[in-house]
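See below for the structure under consideration.
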Amino acid sequence: MLIMKFGGTSVGKPERLKKIAELVLRVPGKKIVVLSALSGTTNTLVKIGDFLLAGKKSEAEAEISQLEKHYIQYASELYTSPEYTAIGQDIVGRYFSLIRLLAAGSFDDRSYRELLAQGELSSTEFFYYHLRERKIDSRLLPALHFMSIDENQEPELEKIGERLKALLPSMSHLDILITQGYICRNHKNEIDNLKRGGSDYTASLIGAAIRAEEIQIWTDIDGMHNNDPRIVKKTLPIAELTFDEASELAYFGAKILHPSTIVPAQKYGVPVRLKNTMDEKAFGTLISDKGTSGQFKAIAAKDGIIAINIKSSRMLLAFGFLRRVFEVFEKYKTPIDMISTSEVAVSVTIDDDSHLSEIIGELENFGIIEVDKNQSIICVVGNKLAEKKGVLHDVFQSLADVSVRMVSYGGSHNNISILVDTAQKEKSLKLLNQGLFNLGE
Ligand code: ASP
Ligand code: MG
């Protein structure tokens, strides 16, 4: 079984959706197709939800009507026969009456999550009926019947697997099954989701749960690139990455993949392939447990980082100090990304500032606290980088002209993380593109 995930832009226009259908048909064997909502839809649903939570009903209604117009147009372009044109308009009608029903009620967090789910529910239905119009057999495999998260919002991989194993045999005669990315049920059995961009995660969870042959993530770019193409002029796709390298890159800013995607795939060794819908022949990027080591593979950057420095003479020769510091972050459920210590001070970085003032308040009991906002982590990735001599030399020589706030190396054997002021990010990425890859700034 192959898992093929297509994102919002791949389904965003009727002609693109038709291309996907052809692409899926060209691939031999059985596949589960995972779809995102039409591009822009989830953003609009978020807007509508925010208006409704704020009690701004007429603003919400204006957004709903505009989205509805877009969907009516979309459906009318997608289907050709009168029969399916009517089905298309009926689908749109049903979704928008449900959306209006949700909007009319007392709108709460639960209705909000139900509202967000309508994007993927409708895109998959559009696709299913498009295949039907073309007389291609397929079946909708409802994500809300098998995808679930526990009370800590963690996917229940084992249960997902069991439910799929119960559902799939009755569909074993079909080559194409279609399911919704992103949406799931929570521990209260309510409709929930895997957070923004979560369709990649859905694909990976399904792939891992049923030990698929491969998880394919189809996007608009020919795989993961060695640097951020929006910032540096020349970047190259990376043919192969290890799971570890890909997780670091996804986490530290490579927008092509949702950061959690790699985890389930890696757990069961299911390869993840990134492919380009606009250029099917391009190799893309294959992420697996194999891969070369001792080589710089890619650079990614993550903005919105806050550095917190805790300076305390009590740290000198003391034990248990770091534990007490970390406990503060744990208490506020705030993950730490980078750490760097000296004998009398420790610096950590976080990207979630929702409890920053409480955290600082508690840390002040330990010593002098300094906070630097607007920082970026530049992450240089390569499997077993330490096998390559002079890696730090190469990185620092490239960045000779940049002030570096923090460095972390040796934690994972496959990354060097450097913290710089965000104002220096572009320059750093450009300098490293030339210094490490010789691809120019
Ligand atoms: N539609 C959802 C979003 O825009 C999930 C996804 O596309 O991956 O976040
Ligand atoms: Mg995405």
Side-chain angles (χ1 to χ4, degrees), residues 3-13 16-17 20 32-50 63-64 66-67 70-71 74 91-92 95-96 98-99 102 109 111-128 140-144 146-149 153 155 160 178-186 190-208 215-221 224 246-247 249-251 253-265 272-278 287:
I3 315 298
M4 302 178 80
K5 180 260 170 180
F6 297 91
T9 40
S10 306
V11 298
K13 296 220 166 72
R16 297 284 310 266
L17 191 85
I20 288 176
I32 297 179
V33 176
V34 178
L35 300 183
S36 291
L38 312 193
S39 53
T41 296
T42 313
N43 283 344
T44 306
L45 294 174
V46 165
K47 232 192 220 173
I48 296 167
D50 287 346
E63 288 290 340
I64 295 172
Q66 213 180 324
L67 190 67
H70 176 60
Y71 271 61
Y74 184 97
I91 297 172
V92 178
Y95 281 99
F96 280 86
L98 176 62
I99 291 173
L102 286 169
D109 191 51
S111 352
Y112 197 149
R113 283 179 274 117
E114 194 172 338
L115 173 69
L116 293 183
Q118 305 312 313
E120 272 71 12
L121 288 166
S122 52
S123 67
T124 45
E125 205 169 325
F126 278 148
F127 189 61
Y128 169 71
L140 278 168
L141 178 63
L144 298 177
F146 65 85
M147 190 57 71
S148 63
I149 50 175
Q153 322 267 312
I160 296 166
I178 306 159
T179 193
Q180 299 83 16
Y182 178 61
I183 63 173
C184 62
R185 287 196 183 270
N186 62 22
E190 296 163 351
I191 297 180
D192 211 317
N193 59 66
L194 302 172
K195 311 260 161 64
R196 296 304 307 273
S199 296
D200 296 344
Y201 200 18
T202 300
S204 172
L205 287 164
I206 298 174
I215 298 154
Q216 299 185 341
I217 310 285
W218 288 82
T219 63
D220 276 349
I221 179 167
M224 235 189 236
S247 325
L249 286 171
Y251 183 69
K255 291 281 174 298
I256 183 170
L257 205 58
H258 182 282
S260 308
T261 307
I262 299 301
V263 180
V272 177
R273 197 185 284 274
L274 310 181
K275 293 283 287 175
N276 187 356
T277 41
M278 309 296 269
I287 304 163

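Counting starts at 1 for both ligands and their atoms, in listed order. Only a predicted model underlies this, so the values are computations on that prediction, with no experimental measurement involved.
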Which residues share a side-chain hydrogen bond (donor to acceptor under 3.5 Å, both in side chains) with Q153, sequence neighbours left out: none

Trace of the side-chain hydrogen bond (donor to acceptor under 3.5 Å, both in side chains) decision for N193 with R185: CA-CA 7 Å; N193 59 66; R185 287 196 183 270; over 6 Å; no

Taking the non-hydrogen atoms of [X], is any one of them nearer than 4.0 angstrom to ligand 1?
X    : answer
G7   : no
K195 : no
G8   : no

Closer than 4.0 Å to some heavy atom of [X] - which atoms of ligand 1 meet that?
X    : value
R196 : 3 (C), 4 (O), 9 (O)
T42  : 1 (N), 2 (C), 3 (C), 4 (O)
E120 : 1 (N), 2 (C), 5 (C)
S36  : 6 (C), 7 (O), 8 (O)

Modelled atom types, side-chain donor and acceptor of R16 and T9, under 3.5 Å: no

Side-chain H-bond candidate by donor/acceptor type, E63 with T44, under 3.5 Å: no

E190, CD: over 12 other non-hydrogen atoms inside 6.0 angstrom: yes

is_close_aromatic(Y95, Y71), centroid dist under 6.0 Å: no

